[in-house]
Structures are given as C-alpha cells and as structure tokens.
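To keep things clear, I will list the structure first and then write my remarks on it.
Just so you know, these numbers come straight off a predicted model, no measurement behind them. Chain letters run A, B, ... following the sequence lines, proteins first, then strands; residues in each count from 1.
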Amino acid sequence: MPEIATAPAPVAGAVNAWFRKSARPLPWREPGCSPWGIVVSEFMLQQTPVARVLPQWQAWLERWPTPASLAAVPSGEAVRAWNRLGYPRRALWLHACAVTIAEQHGGVVPADVDELLALPGIGPYTARAVAAFAYGIRVPVVDTNVRRVLARAIDGRAEPAPPAAARDLAAMSAQLPADATEARVFNAAAMELGAVVCTARAPRCDECPIAAVCAWRAAGYPAYDGPRRAAQKKYEGSDRQVRGLIMRELRAAHIPVTDAELAGLWPDAAQLTRALDGLLADGLAVAADGGYTLP
DNA sequence: TAGCCGTGGCA
DNA sequence: TTGCCAAGGCT
C-alpha cells in the first residue's frame, strides 16, 4: 500500500482524544443544542470571550428560541438584549439573519455553506462553523485558534502568517479526518486546543496532547519572524469609545434620547456628532421625535 | 484590502 | 498603567 500525501492525521487522533476527555462543557456543544442555538453562539463569540458569552447566550435563547421568534421583534430589541457584548452591529446582523431565515428558508437554519455565506453577518468562519457543528457537515473550520495551532504544530512557527483563506482551508483540510464524526470533533477540538492550551501568550505546552509531534517545539520554539500585525488603536478617547457611550444611553432609555442628553456624554461636540452620525448610518440609532432611539 | 467596529480581563 | 488579546465580518 503506497504512502499518500494526505497523512492519516496522528495530530487529529491525539487532539480528539484529549478533547473528549477534557473539553470545557459548553452548552452550545451539547447534543440537544439546536442549529439556531449554534448560530447565536457563533455570532456572540465573534471577538468576544466565552466567559462573557455564556450567560447572554442562555438568556437570548430562552427569549428567542427560534429564528422566527427573533424576526418577529424590532431589531432594536436585539440590540438592547445584546447589552455589553460589544460590536452591537452583530446584534443587528443576527436579527437580519433571523429575518432572512424566517422569510427565505422556512425558519430553518440552512446547512449549505454557500447559503449560510449569503446571510447577514455570516462570513467564511461562521458559515463553516454552523455547517460543521450544527449539521455535522465535513468542512474545515478555520478560526484564529486553528490558524495558530496549525502554524505551530505543523509549520513550526510561533504565529500564523497573515490570514489567506485558500491556504488556511487547505492546511486544515490536510489534517481533517476522513470520517465525518471525527472531522466534526476535530474542528471543535483544534479550536479548543488553541483556546485553552496553545494560547497566543504563554502556551501550556506541558499540557498539550501533541507536544511530542509539535514542529514548533521540535524546532526549539523559534521566535516569530514574519510581518507584524498593525497594533490595535488606542480605545480611550476614540470614536469607538464615544459610540459605546451613546449606545449604552440608547439601550437604557425607553423614550428618545435628546441632543442635550447626548451632549453630556462627551466634551468634544464634533467627535460626538461624528460618532452619532456613524451610528445613524449603521442603523444602530434612528432619529425619533425630539431625539434618538434604538431601531 | 486595510481599517474599522465594543468591551473587559489579564500580564 | 498600558498594551495585548478574544470562536470575525464588512466596506
């Protein structure tokens, strides 16, 4: 029997065994979780840590257990319930996503990656995550954790190269077990490994199930030598901070917030206007009689 | 396509 | 304290 290029994935075997033994018990991984529950979790987890998502996710699904139930309320209710998860446009997109599912998919979350990609707020990562985790479709799921795990374990680099969709998907595909069940587990397990062991800072290599085959470890942990990502802009004093202050006010209010009230939120009037205009353009705020409200 | 978009915890 | 980081997506 000839050797084939797509190796039989000793990595996946070890990572899956570790995952089955020690994965965090997250509710959206429970067998009974609905596809909609998976969708909601994926929206909330976009750039927001698990610990902050957990309570919000449970409350959200109790209130809106189906896409149709969310689609039936104004989008502003979704934005208000989003509370302080951050990036409130995600709440708007999740609501729009629910409307589209209700109107164009009979209220059923699609299983097809291309149909998922067509939905608001669903990009390359989320589409594959929903297909894989909600429906068991054998597709590679690549997020920042997976990219880091593969960069280290397979490529022997401290950090992944800048994202390149085709290459990243191919790299994950090369490790993905042929069996659909094992593939689904590995998609979750690789992410979990990156989230709790193979972390960006201070990886816990002594707890790693694939330390023995890790290329980065074998190479002596060489430092990253590629291009640096642009540093995140300072938040304090930024437009983002001002937008956050305005949104907090709109969420708390049940009658229109006036210009005078907004003026008390921030000393720089020009910046305040710029932030408000941005929120209006994004559809996160709307002009009402005498002020502004959630949509 | 690079910049933008919230919020909070941690080192 | 300051900067980095966190299951991305949109324009």
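A donor and an acceptor atom, one from each side chain of A/Q46 and A/Y125, are nowhere located under 3.5 Å apart. One side chain, A/R240 or A/Y87, offers a donor N or O that lies under 3.5 Å from an acceptor on the other.
A distance of about 15 Å separates the C1' atoms of C/dG8 and B/dT1, rounded to the whole Å. Taking atom P in both C/dT11 and B/dG6, the straight-line distance is 14 Å, to the nearest Å. Taking atom P on both nucleotides, C/dA7 is separated from B/dA11 by 16 Å, rounded to a whole Å.
Residues A/R128 and A/P124 have side chains in contact (heavy-atom distance under 4.5 Å, counting atoms from C-beta outward).
Nearest-nucleotide positions on DNA chain C for A/R148 and A/G123 put A/R148 closer to the 5' end.
In this structure, A/L26 reaches the bases: a heavy-atom distance under 4.0 Å links it to at least one base atom across the strands shown. Nucleic acid contact class of A/S41 (heavy atoms, under 4.0 Å, all strands): none. In this structure, A/A202 reaches neither bases nor backbone, as no heavy-atom distance under 4.0 Å exists between it and the strands shown. Residue contacts for A/T144: at a heavy-atom cut-off of 4.0 Å it reaches the sugar-phosphate backbone alone, with no base atom in range. At a threshold of 4.0 angstrom between heavy atoms, the contacts of A/A200 are confined to the sugar-phosphate backbone, with no base atom among them. No engagement by A/W82 is indicated, since no non-hydrogen atom pair under 4.0 Å with the nucleic acid exists.
Classification of A/R63 and A/E77 as a salt-bridged pair holds, one side-chain N sitting under 4.0 Å from a carboxylate O. With respect to the salt-bridge test (charged N to carboxylate O, under 4.0 angstrom), the residues A/E192 and A/R29 qualify. A/R20 has a carboxylate O that lies under 4.0 Å from a charged side-chain N of A/E182, or vice versa, which qualifies the two as a salt bridge.
Put simply, chain A comes within 4.0 Å of DNA chain C, heavy atom to any atom, from C/dG3 to C/dC10, going 5' to 3'.
To the nearest 0.5 Å, atom CE of residue A/M247 and atom CH2 of residue A/W82 are 12.0 Å apart.
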How far apart are the C-alpha atoms of A/R243 and A/D282, what are their side-chain angles, what is the distance that settles it, and do they pass the salt bridge (Lys or Arg N to Asp or Glu O under 4.0 Å) test?
CA-CA 11 Å; A/R243 286 170 57 105; A/D282 289 344; 2.8 Å; yes

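Using a 4.5 Å cut-off between side-chain heavy atoms of Ile, Leu, Val, Met, Phe, Trp and Tyr, A/V286 forms no hydrophobic cluster with any other residue.
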Annotated protein contacts, base or backbone, on nucleotides 3-11 of chain B with a non-hydrogen cut-off under 4.0 Å, one of B, S, - each
-SBBBSB--

